[in-house]
2 protein chains.
Amino acid sequence: MAAQTRGPGGRQPTINDVAALAGVSKKTVSRVINRSEFLTEKTRAAVEKAIEQLGFVPNPQARALAFRRNFLIALLHDNPNAQTVLNFQRGVLDAIKDSDLALLVRPVDRGSDKLLDDVRTFLEKQRPIGAMLLPPISENDELAALCEDLGVRYVRIGSAPLDDAKHCISSNDREVVAAAVRGLIALGHRRIGFVRGPAGFRSAAEREKGFLEALAEAGLTLPPELNAPGNYRYAAGIEAGEALLARADPPTAIFCSNDEMAAGVLSVAHGKGIKVPAELSIIGFDDSPTATHIWPALSTVRWPIREMGARAAQILVPDFLGPGAKVDDEDNVLPSTLVERQSVAPPPDRL
Amino acid sequence: MAAQTRGPGGRQPTINDVAALAGVSKKTVSRVINRSEFLTEKTRAAVEKAIEQLGFVPNPQARALAFRRNFLIALLHDNPNAQTVLNFQRGVLDAIKDSDLALLVRPVDRGSDKLLDDVRTFLEKQRPIGAMLLPPISENDELAALCEDLGVRYVRIGSAPLDDAKHCISSNDREVVAAAVRGLIALGHRRIGFVRGPAGFRSAAEREKGFLEALAEAGLTLPPELNAPGNYRYAAGIEAGEALLARADPPTAIFCSNDEMAAGVLSVAHGKGIKVPAELSIIGFDDSPTATHIWPALSTVRWPIREMGARAAQILVPDFLGPGAKVDDEDNVLPSTLVERQSVAPPPDRL
DNA sequence: TTGTATGCGTTATCAG
DNA sequence: CTGATAACGCATACAA
């Protein structure tokens, strides 16, 4: 504990108080704070002792003014999945916990035609060190260009590596989905339905690619009537389930591009008395809380979102996180993993 | 759109540029920015025109330094329910959208013995205008006292009014739960099980009060064997379901203190082949996404969390939100509402 | 009603 | 390696 938390006069101690106590100039104190290399071990020790004695905490507002930069990281998101956003926030906080940084959260509206103006105003006002873009807005190149233009560091989170590797943290959705579908095929499934994600989403495209890839490897194809549209929402899962399961020749397994839609398909199955997984296997994506809260628990793909948040902070502001935080730039793909639960089984024999 | 976004020399325009262009002193410009009353309509117009022309945006860092206060609202939370936190964030953003404020998010660890120190350091550094405390940490009186001590405005979110009305936004959990249980009784249920929330949580206590209240009104009691412990987690719901539904004389209805636990009870029912709602009615609390993603969709209580976020901002920083944001101080109880879906029905006749 | 001088707490410049 | 002085952009006190 600090000896005292107030400077002379009952105020918070300032850099001047520290300088006076240590018998140096305030610039020297500043150098200590900012870890300048040009310092005698002796003076550094003296200053640090004074800092400790006074319980001095540098004023971020003053630093921000002088640096023309706020010690903040902005999180820009328009993500429909609350758990994803919050887990990501946790990951970022894990990483910046011992730094001087704080996290600014900014929900945006990707549909708004004022999106770019909004973000520009926000960034110009807050002047954060860097910004993090969560999908789906991470796929917006104009947004990235805007950050570049404003001199705000940025990092984009995606489901596959984007153009610029050093600005991108990604998972390997395509590969994991392919692996999951291979598993289905290995169990004997041949008629496998697919519920798509929303058009224009990179994540949706990646998942579809992985799905088709695994099918192709096994010499299978996706019949158009088993390819259902979706938008990552529960209601779309309901519709897809109605469409796929009302058929005379329903699929024996359905891959859904996220858990919410999988839950929808599962509800339809329940309603129709179709037993899962005995008569129908279902796989989702996200490993959202829903996946374990429904019955039977959903086999799904876990997106390492919290780890991605931490990694994002590490590549965004490595110079603020202390020496232990260095990461390999090549190491920006964090693998998603298949989580096997109770919604998958071999197909019923009905040849 | 502004005529230009850069001042002389390619920098962002400052208050000096505005003053020069408008032919006034910078103090006058400052007065316009801060909505001083002592201004001629004419000078105000001239300044505003200059501001518009230059695309001037006041630098929040400089203002923060001068004001000794950052134009930020801090959201402190340690809430297990991601959707709740994110919806609350949305509500806050709804309210501060057109203000100069931004939202700082700070997850904390309520179990840590350093909680108070962490929050103190955070508030001293960031110097936000105010802080919002979400349950369960909103129930921590020391935290509120700390805010008071540091001169940080605060507002506590709770499931029932706390001591200090003007610092508290609350819902009426007790009343709504009582109403829900009355509904169960009206349908004919007499043996009604209860799955508790975690000990020491105000929300848990309120929900239990409401439950017992409704029972008492009808001359019923809660037999100890039908009163199951819980902690707001899915696994606790599973355990409670196992305990209650394995009995020879199971309840015909179960009220669960939140949706996650209700989902757990529902899973157990599915596993045992107990039909919901025909043989067992279930009610949850939260109206989380899970409530609609499980089958059958869960009757539950909707907590007006987004509205609470907006209201919290309104009572926290009314002076920053413009004239339209005034709210009645007495109006700080936002009613939760019963959402009736498919998990409730009359009890099976088995007399 | 408006302007002048000064302060907010820190960093940058540049000389020593 | 260190220090004096001037920014940084805005607000307050007090004068005019």
Side-chain angles (χ1 to χ4, degrees), chain A residues 6-47 50-51 54-71 100 124-127 129 320, chain B residues 6-48 50-51 54-71 100 124-127 129 319-320:
Chain A
R6 304 292 157 186
R11 316 178 329 279
Q12 295 248 6
T14 76
I15 199 170
N16 290 307
D17 302 323
V18 175
L21 181 59
V24 298
S25 78
K26 57 192 215 174
K27 179 58 197 173
T28 298
V29 177
S30 172
R31 288 199 176 91
V32 172
I33 296 171
N34 293 296
R35 299 196 180 88
S36 164
E37 304 173 44
F38 312 100
L39 278 175
T40 314
E41 213 26 73
K42 187 178 154 199
T43 54
R44 179 195 306 280
V47 171
I51 289 178
L54 293 173
F56 166 71
V57 178
N59 179 314
Q61 287 74 42
R63 299 187 82 197
L65 181 59
F67 273 128
R68 292 130 178 258
R69 193 103 280 175
N70 237 325
F71 286 55
D100 288 328
E124 280 183 343
K125 280 173 88 159
Q126 298 302 329
R127 295 179 171 274
I129 305 279
F320 290 81
Chain B
R6 303 293 155 185
R11 315 176 331 276
Q12 294 249 9
T14 75
I15 198 172
N16 291 308
D17 302 322
V18 176
L21 181 58
V24 300
S25 78
K26 57 191 221 174
K27 177 56 204 173
T28 300
V29 177
S30 172
R31 288 201 177 89
V32 173
I33 295 172
N34 293 297
R35 300 194 179 88
S36 164
E37 304 173 45
F38 312 99
L39 278 175
T40 314
E41 212 28 72
K42 186 180 153 199
T43 53
R44 181 194 304 280
V47 170
E48 281 177 345
I51 289 179
L54 292 172
F56 167 71
V57 178
N59 179 315
Q61 287 75 43
R63 300 186 80 196
L65 182 57
F67 273 129
R68 294 132 182 256
R69 191 104 284 172
N70 235 326
F71 286 57
D100 287 330
E124 281 183 343
K125 279 174 91 157
Q126 298 302 329
R127 294 178 171 277
I129 306 278
D319 41 340
F320 290 81

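Letters A, B, ... are given to chains in the order of the sequence lines, protein chains preceding strands, and every chain is numbered from 1.
Using a 4.5 Å heavy-atom cutoff, the side chains of B:Val32 and B:Val18 are not in contact.
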- prompt: Which is it for B:Phe56 and B:Val47 under the side chain to side chain contact (heavy atoms under 4.5 Å, CB included) test, yes or no, and what are the steps along the way?
  reply: CA-CA 11 Å; B:Phe56 167 71; B:Val47 170; over 6 Å; no
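Here the side chain of A:Gln61 pairs a donor or acceptor atom with the backbone of B:Gln126 at under 3.5 angstrom.
The CG atom of B:Leu54 sits 14 Å away from the P atom of D:dG9 (whole-angstrom rounding). Straight-line distance from the CD atom of A:Gln126 to the C1' atom of D:dG9: 15 Å, rounded to whole Å. If you take CG of B:Leu65 and P of D:dA7, they are 17 Å apart, rounded to a whole angstrom. If you measure from atom NZ of B:Lys26 to atom C1' of C:dC8, you get 12 Å, rounded to the nearest angstrom. Between B:Asp17 atom CG and D:dC8 atom C1' the separation is 13 Å, expressed in whole Å. For the pair B:Arg68 CZ and D:dA11 P, the interatomic distance rounds to 14 Å; values are reported in whole Å. In this structure, B:Gln61 atom CD and D:dA11 atom P are separated by 13 Å, rounded to whole Å. Summarising the geometry, the separation between CG on B:Asn70 and C1' on C:dG9 is reported as 13 Å, rounded to the nearest angstrom.
Where the helix from C:dT1-D:dA16 to C:dG16-D:dC1 starts and where it ends, the local axes point in directions that differ by 30°; five pairs per end, rounded to 10°.
Contact annotation for B:Thr43: backbone-only contact, meaning every heavy-atom pair under 4.0 Å involves sugar-phosphate atoms and none involves a base. Residue A:Leu39 is classed as a sugar-phosphate contact, given heavy-atom separations below 4.0 Å to backbone atoms only.
Where A:Thr28 and B:Val29 each meet DNA chain D at their nearest nucleotide, the meeting point lying more 5' is that of A:Thr28. Comparing A:Arg63 and B:Thr40 by the nucleotide of DNA chain C that holds the closest heavy atom to each, the one mapping nearer the 5' end is B:Thr40.
Atom CD in B:Glu124 sits 11.0 Å away from atom CG in A:Asn59 (nearest 0.5 Å).
Applying the salt bridge (Lys or Arg N to Asp or Glu O under 4.0 Å) test to residues at least two apart or on different chains, the pairs with a partner in residues 54-67 of chain A are A:Arg63-A:Asp100.
The minimum heavy-atom distance between B:Ala46 and B:Ala22, with the atom names listed, is O-CB, 4.1 Å. When all heavy atoms are compared, the tightest approach of A:Ile15 to A:Lys26 is CD1-O, 3.5 Å. Residues A:Leu54 and A:Pro13 come closest through the heavy atom pair O-CG, 3.4 Å.
Of the residues A:Asn16, A:Thr14, A:Val24, the one that meets the side chain to side chain contact (heavy atoms under 4.5 Å, CB included) test with A:Val29 is A:Val24.
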Between the protein and nucleotides 12-16 of chain C, are there any N/O to N/O pairs under 3.5 Å, and if so, what are the atom names and distances?
| from | atom 1 | to | atom 2 | distance (Å) |
| --- | --- | --- | --- | --- |
| C:dA12 | N7 | A:Lys27 | NZ | 3.2 |

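Checking the phosphate oxygens (OP1, OP2) of C:dG3, a side-chain nitrogen or oxygen of B:Ser25 falls inside 4.0 Å.
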